[in-house]
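Working notes, structure below.
One-based numbering, in listed order, for ligands and for the atoms of each.
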Amino acid sequence: MSNQDWLARSRRAVWHPCTQMKRHETLPIVPIERGQGVWLYDFDGRRYLDGVSSWWVNLFGHCHPRLNGAITDQLQQLEHVILAGFTQRPVVELSEQLAALSGLGHAFYGSDGASATEIALKMSFHYWRNSGRPGKNQFVSLAQSYHGETLGALSVTDVPLFRETYAELLRPSHRIGSPDRRLAAPGESGHDYALRMAAEAEQLFAERSEQIAAVIVEPLVQGAAGMAMYDPVYLSRLRELCDRYQIHLIADEIAVGFGRTGSLFACEQAAIRPDFLCLSKGITGGYLPLSVVLSRDEIYAAFYDDEVSRGFLHSHSYTGNALACRAALEVLAIFDELDVLADNQAKAAAVADDFARLAAHPRVAHARHCGMIWAFDVVGAQPGFASRFFAAALERELLLRPVGNTVYLMPPYVISVEELRWSFATMADLLDAADW
Ligand SMILES: *Cc1c(COP(=O)(O)O)cnc(C)c1O
């Protein structure tokens, strides 16, 4: 079977996500036969460097021997068991380790990122209700935020393209300014701008603290906004404000957790602990769907009662799936044994000059870097830039998915320094190759 055959069958049988299917009359779907490390291979023998970590989930490359081995081993013992009223080794060990790493406890599991968002929002509201403050039932999120596509998550998401069609189904929520460094006034530092945006948050909190249950943020990097990066001082200030006004801080580290921003969790760079921490995507190394919400002990305690309805009566069928938890345990073991964070830091330092060269390209603005994410905006990009650049990069063996006029590279951590250099050079060549 060739690429063409799979492409045709996929178009007939599969409804692809986040896509106007008619566009695939001209924009080809890429059939992938196998993956190895940072490379994906199609059925016609072509290869592509996975510059988006398969939608931000893959950490250590495709078909990683250790992850393959751990999952295969788990498969011989237990694939899955109901987690209501039952428990198993991988879920217990993973919960213990995540608590030790985050300082937050009682891991509550879901399967996708969006379900972690839903869990955190419901838990926050229910906590206040159990604490005799049911009026605290509103949520706050940032401009340009993305927290998932289910109705509750979409209510706190600020991407017009995803929201507008469903606006009538969404619960109103408060939106505050994004600390995105690109939005600073001329001459204003990213730090000062972040403080100005935190002051804006305080205004709302001061007026509405009796109604607001929680504020939800993507720490350090707003991914879907086009890798919008901001100063950690925003998070430390927000933490202070949340304490002062008794509002929960929900850290959505679904995309930025597990080393993506340079620290295991992005919140560490602001030296803060959120009230709820949502994790998914990289948690299984990109192998299996798993999400988790960790919370402060005081929150757990507010649900612990003789009365059933004060408990958190929420569930998903695959909650705490043993195979997924086992993959996550292996991911944590790899972080621990191979000093992944230090290794990533060394790689980023080694390519700093190469990225600076790309940043100096006349079509590049707002070149930015955080941990294992590199991004820039293309000046004067014409309509349709993202899909045209995607197709052109693919021709050059580089898988990129620009967001609007933002091009970013978010590769698996096993990418080599040479492959990083090649990626930046290819981007610069592409910028030169057309008018865009
Ligand atoms: C991807 C993402 C989500 C949603 O996760 P899904 O697994 O796609 O439901 C939520 N928040 C952030 C920050 C994300 O990047």
Side-chain angles (χ1 to χ4, degrees), residues 15-19 52-59 108-124 139-159 161-163 166 170 173 175 178-180 214-230 234-235 238 249-261 265-267 274 276-294 314 316-319 321 324 327-328 331 370-373 375 401-404 406 408-410:
W15 198 333
H16 289 266
C18 203
T19 298
V52 299
S53 292
S54 290
W55 239 351
W56 317 350
V57 300
N58 191 292
L59 298 189
F108 194 100
Y109 291 89
S111 312
D112 293 287
S115 51
T117 301
E118 301 287 345
I119 289 163
L121 296 176
K122 283 177 71 177
M123 266 187 184
S124 172
F139 299 106
V140 180
S141 64
L142 303 188
Q144 314 180 353
S145 59
Y146 181 86
H147 299 291
E149 311 276 356
T150 53
L151 293 177
L154 203 53
S155 294
V156 290
T157 286
D158 187 41
V159 180
L161 184 64
F162 301 153
R163 269 184 74 91
Y166 309 102
L170 305 181
S173 67
R175 206 73 75 234
S178 165
D180 177 355
V215 55
I216 181 166
V217 297
E218 295 158 86
L220 297 188
V221 183
Q222 293 183 294
M227 301 300 155
M229 299 180 186
Y230 63 88
Y234 184 78
L235 295 173
L238 201 60
L249 178 57
I250 303 174
D252 173 354
E253 296 221 14
I254 290 164
V256 295
F258 299 98
R260 197 42 86 172
T261 66
F265 301 123
C267 281
F276 297 92
L277 177 63
C278 301
L279 302 170
S280 186
K281 290 201 166 115
I283 191 170
T284 61
Y287 268 65
L288 291 158
L290 182 71
S291 66
V292 59
V293 178
L294 296 145
H314 178 109
H316 297 283
S317 313
Y318 280 94
T319 289
N321 176 261
V331 164
C370 181
M372 290 298 277
I373 309 171
R401 281 178 58 98
V403 179
T406 295
Y408 70 89
L409 185 71
M410 190 159 166

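- Every atom of ligand 1 with a heavy atom of G148 under 4.0 Å away is listed here by number and element: 4 (C), 10 (C).
- Of the protein's heavy atoms, A114 N, 2.8 Å lies nearest to atom 9 (O) of ligand 1.
- The shortest heavy-atom contact between E149 and A114 is N-CB, 4.1 Å.
- For ligand 1 and K281, the ligand atoms under 4.0 Å from any heavy atom of the residue are 1 (C), 2 (C), 3 (C), 14 (C), 15 (O).
- In terms of modelled atom types and a separation under 3.5 Å, the side chain of Q222 and the main chain of Y230 share no donor-acceptor contact.
- Residues passing the side-chain contact (heavy atoms from CB on, under 4.5 Å) test with S280, sequence neighbours excluded: I254, S291.
- In summary, the atoms of ligand 1 found under 4.0 Å from a heavy atom of A255, numbered by their order in the structure, are 15 (O).
- Under 4.0 angstrom from ligand 1, the non-hydrogen atoms of H147 all belong to its backbone.
- At a heavy-atom cutoff of 4.0 Å, ligand 1 is contacted by no atom of E149, backbone or side chain.
- T19 places a side-chain N or O within 3.5 Å of a backbone atom of P17 that can act as its donor or acceptor partner.
- In this structure, the separation between CZ on F139 and CD1 on I216 is 9.0 Å, given to the nearest 0.5 Å.
- Atom 5 (O) of ligand 1 has as its closest protein heavy atom G113 CA, 3.1 Å.
- Considering backbone and side-chain N/O atoms, D252 comes within less than 3.5 Å of an N/O atom of ligand 1.
- Side chain of S178 to main chain of Q144: no donor-acceptor pair is present (N/O by atom type, distance under 3.5 Å, no hydrogens or angles).
- The distance from the OG atom of S115 to the OH atom of Y318 is 14.0 Å, given to the nearest 0.5 Å.
- Under a 4.0 Å criterion applied to the non-hydrogen atoms of W56, ligand 1 contributes the atoms 15 (O).
- Taking every non-hydrogen atom of D112 and a distance limit under 4.0 Å, the qualifying atoms of ligand 1 come out as 7 (O), 9 (O).
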